[in-house]
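A quick note: this is a predicted structure, and the numbers were derived from the prediction, not measured. In what follows, chains are A, B, ... by sequence order, proteins preceding strands, each numbered from 1.
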Amino acid sequence: MSDLFLYNTLHRKKERFEPLHPGQVGLYVCGPTVYGDPHLGHARPAITFDVLFRYLKQLGFNVRYVRNITDVGHLEHDADEGEDKIAKKARLEALEPMEVAQFYQNRYHQAMDMLNVLRPSIEPQASGHIIEQIEFIKRILDNGLAYIVDGSVYFDVVKYNDKHRYGILSGRNIEELISNTRSLDGQSEKRNSVDFALWKKAAPEHIMRWPSPWSDGFPGWHMECSAMGTRYLGECFDIHGGGMDLLFPHHECEIAQSVGALGHESVRYWMHNNMITINGQKMGKSLGNFITLEEFFTGKHTSLEQAYSPMTIRFFILQAHYRSTVDFSNEALQASEKGLSRLMDAVARLHTLKAGTTTTVDIRGLRSNCEEAMNDDLNTPIVLSHLFEATKVINLVHDGKASLNEVDLEELKAVFSLYLFNILGLTDNTTGQAGQTAGEAYKKAVDLLLNLRMEAKQKKDWATSDKIRNELAAMGIEVKDTKDGFEWKYVG
RNA sequence: GGUACCUUGGCCGAGCGGUUAGGCACCGGUCUGCAAAACCGUAUACGGCGGUUCGAUUCCGCCAGGUACCUCCA
């Protein structure tokens, strides 16, 4: 079996993945800031790293997957006044900040569950790790790489850059950054524009605040990931993931903080998923062009021609490689919906196939082809293309135009189950929902009706036969006639 | 302005120095009481101009167009 290669943003190339400790993988991914409804942009990293998580486990690694919940910090852009997002939203809605954070965290979990994204091993909240963050800042201060101004603590990027290189991840150099950074209005306590806050003193009206050696305040933008990553995965760990938009400054600052506190880098492989675009432009909160996941699931958004199921969204995302941008459009989503349905129909059909005495089509390479694609930096579109090739085989066998022996048939079932369900995490929610809730009795009832229809057809009683089909269709049950019987599924 | 990336057939989207990606749509066919669906099959491509090479969509240069980051953002 070949080795797993992952694209490491730090070195801008694919590298063989070798964990720090054999058999163990530490994975950290930047999670959501819980101050708004989850949108399509949130789905991409969640699904990308969900697939990585699933695949690493499949490879036999013991994985600890940490994905944070940002419920404090993150200064707002016009907020040199020192107001953070959570607090601002809370005041608008006259709620406790933690109430707001909890609400959106729950919403996030709901959406992710629907997308069949597995929960991480640990999901730490920034607000629950203020002590760790303070300790982390202390270490940076002890190393002389931060300074205190009126109760706030800033990282001294210029000083850091004397000994280390600030910009190794994003490929920027500090001189250009200094000359190009727009000077923000108002006071700056920072010695240099490139410096960033480790701790911010809270303004009097600021309600999210914690005591610290320096002031009552809150941690800076980038601190939580360094502190919590170190806490749960150690001073050095394997993989850190997140969206490409976090590459700079967020991840660059994390590196500086870690080196500043620990004396060495923490992360061995940096992975970044690309953005989802809408009309060629990034779908983002700041641009106001995002569509929430709930809007996708219900179809209630002016840009949407219809509702799209969570699995359609998941499939749509997996059809592109995670490092490419994906352009959203109704057309593309509808194509995904049909493609997914074709795949799922084939799986359902697969379990009705009877083994033949001989095998006339070659499916031997399927498993290794899928594995090879996954090992090549998680090339999920290629995995899907192989599964579509196998779909063709299933259909041929179903039509009696090819046959598979017992061993090959079992292999085909095993590979589909492994890749489609376990690794890509797709589920069959077209037939699933009604079938699962109503159970076997419901299925048998439909089968009974359709058997009656078969009898009517044999008597050429087209009126009865059409009536059964049409009324079932009205209830959302789609009937397809086949050579020697029927197939049906609930389409809602 | 700085940095990085992208440009593939009607649409989406992989990939690679020489061999069919795949999906959706289209067209042709099979099946069918009808219809729908389903299934099978064919076709269409690599932004422009140069260069390297026996050969480039794939490597290099230039040009055009686009995107992202440089400010919170997945």
Q. Who are the side-chain contact (heavy atoms from CB on, under 4.5 Å) partners of A:Thr277, not counting sequence neighbours?
A. A:Thr325, A:Asp327
Q: Indicate the ring-plane relationship of A:Tyr108 and A:His42, choosing parallel, tilted or perpendicular according to the 30° and 60° boundaries.
A: perpendicular
Under 3.5 Å, which N/O atoms of the protein pair with N/O atoms of nucleotides 42-45 of chain B?
none

Q. Which listed nucleotide (B:C70, B:C73, B:G33) is nearest to the side chain of A:Phe248?
A. B:C70
[X] [atom1] to [N] [atom2], straight-line distance once rounded to whole Å:
X        : N     : atom1 : atom2 : value
A:Arg349 : B:A38 : CZ    : C1'   : 6 Å
A:Leu396 : B:U30 : CG    : P     : 17 Å
A:Arg453 : B:U32 : CZ    : P     : 15 Å
A:Asn173 : B:G1  : CG    : C1'   : 14 Å
A:Ile278 : B:C11 : CD1   : C1'   : 16 Å
A:Leu246 : B:C69 : CG    : C1'   : 11 Å
A:Arg12  : B:C6  : CZ    : C1'   : 14 Å
A:Asp245 : B:C70 : CG    : P     : 8 Å

Q | Per-nucleotide protein contact string for nucleotides 13-26 of chain B, where B marks a base within reach and S marks sugar-phosphate only (heavy atoms under 4.0 Å, - for neither) | A | SSS-----BSSSS-
Please report the distance separating the [atom1] of [N] from the corresponding atom of [M], rounded so that it comes out in whole Å.
N     : M     : atom1 : answer
B:A37 : B:G47 : P     : 36 Å
B:C62 : B:C54 : C1'   : 26 Å
B:A35 : B:U20 : P     : 38 Å

Q: Please state whether the base of B:C73 and the side chain of A:Lys282 form at least one donor-acceptor pair under 3.5 Å?
A: yes
(Q) Quick check: any donor-acceptor pair below 3.5 Å linking the side-chain of A:Arg469 to the base of B:A35? (A) yes
Under 4.0 Å, counting only non-hydrogen atoms across every strand here, what does [X] touch: a base, just sugar-phosphate, or nothing?
X        : value
A:Met244 : nothing
A:Gly243 : sugar-phosphate
A:Ile276 : base
A:Gln281 : sugar-phosphate

**Q.** Carboxylate-amine/guanidinium contact A:Arg349 A:Asp345, below 4.0 Å
**A.** no
Q: Could you tell me if the ring centre of A:His272 sits under 6.0 Å from that of A:His251?
A: yes
Q: Only pairs at least two apart or in different chains count here, so list each salt bridge (charged side-chain N to carboxylate O under 4.0 Å, His left out) that has a residue in residues 457-469 of chain A.
A: A:Lys457-A:Asp481, A:Asp466-A:Arg469
Q. Can you list every pair that meets salt bridge (charged side-chain N to carboxylate O under 4.0 Å, His left out) and has a residue in residues 377-391 of chain A, with sequence neighbours left out?
A. A:Arg323-A:Asp377
All salt bridge (Lys or Arg N to Asp or Glu O under 4.0 Å) counterparts of [X], not counting sequence neighbours:
X        : result
A:Arg165 : none
A:Lys14  : A:Asp376
A:Lys338 : none
A:Arg16  : A:Asp3

Q | Qualifying residues under side chain to side chain donor-acceptor pair (under 3.5 Å), relative to A:Asn68, sequence neighbours excluded | A | A:Tyr28, A:Thr70, A:Glu224
Q.
Show me the dot-bracket string of RNA chain B, counting Watson-Crick or G-U pairs under 3.5 Å, with | for pairs to another strand and [ ] for crossing ones.
A. (((((((..(((.....[...)))..((((.......)))).....(((((..]....))))))))))))....
Can you give the donor-acceptor pairs under 3.5 Å from side chains of residues 287-295 of chain A to other protein atoms, not counting sequence neighbours?
from     : atom 1 : to       : atom 2 : distance (Å)
A:Asn289 : OD1    : A:Gly284 : N      : 3.0
A:Asn289 : ND2    : A:Lys282 : O      : 2.9
A:Thr292 : OG1    : A:Glu295 : N      : 3.1
A:Thr292 : OG1    : A:Glu295 : OE1    : 3.3
A:Glu294 : OE1    : A:Arg107 : NH1    : 3.2
A:Glu294 : OE1    : A:Arg107 : NH2    : 3.1
A:Glu295 : OE1    : A:Thr292 : N      : 2.9

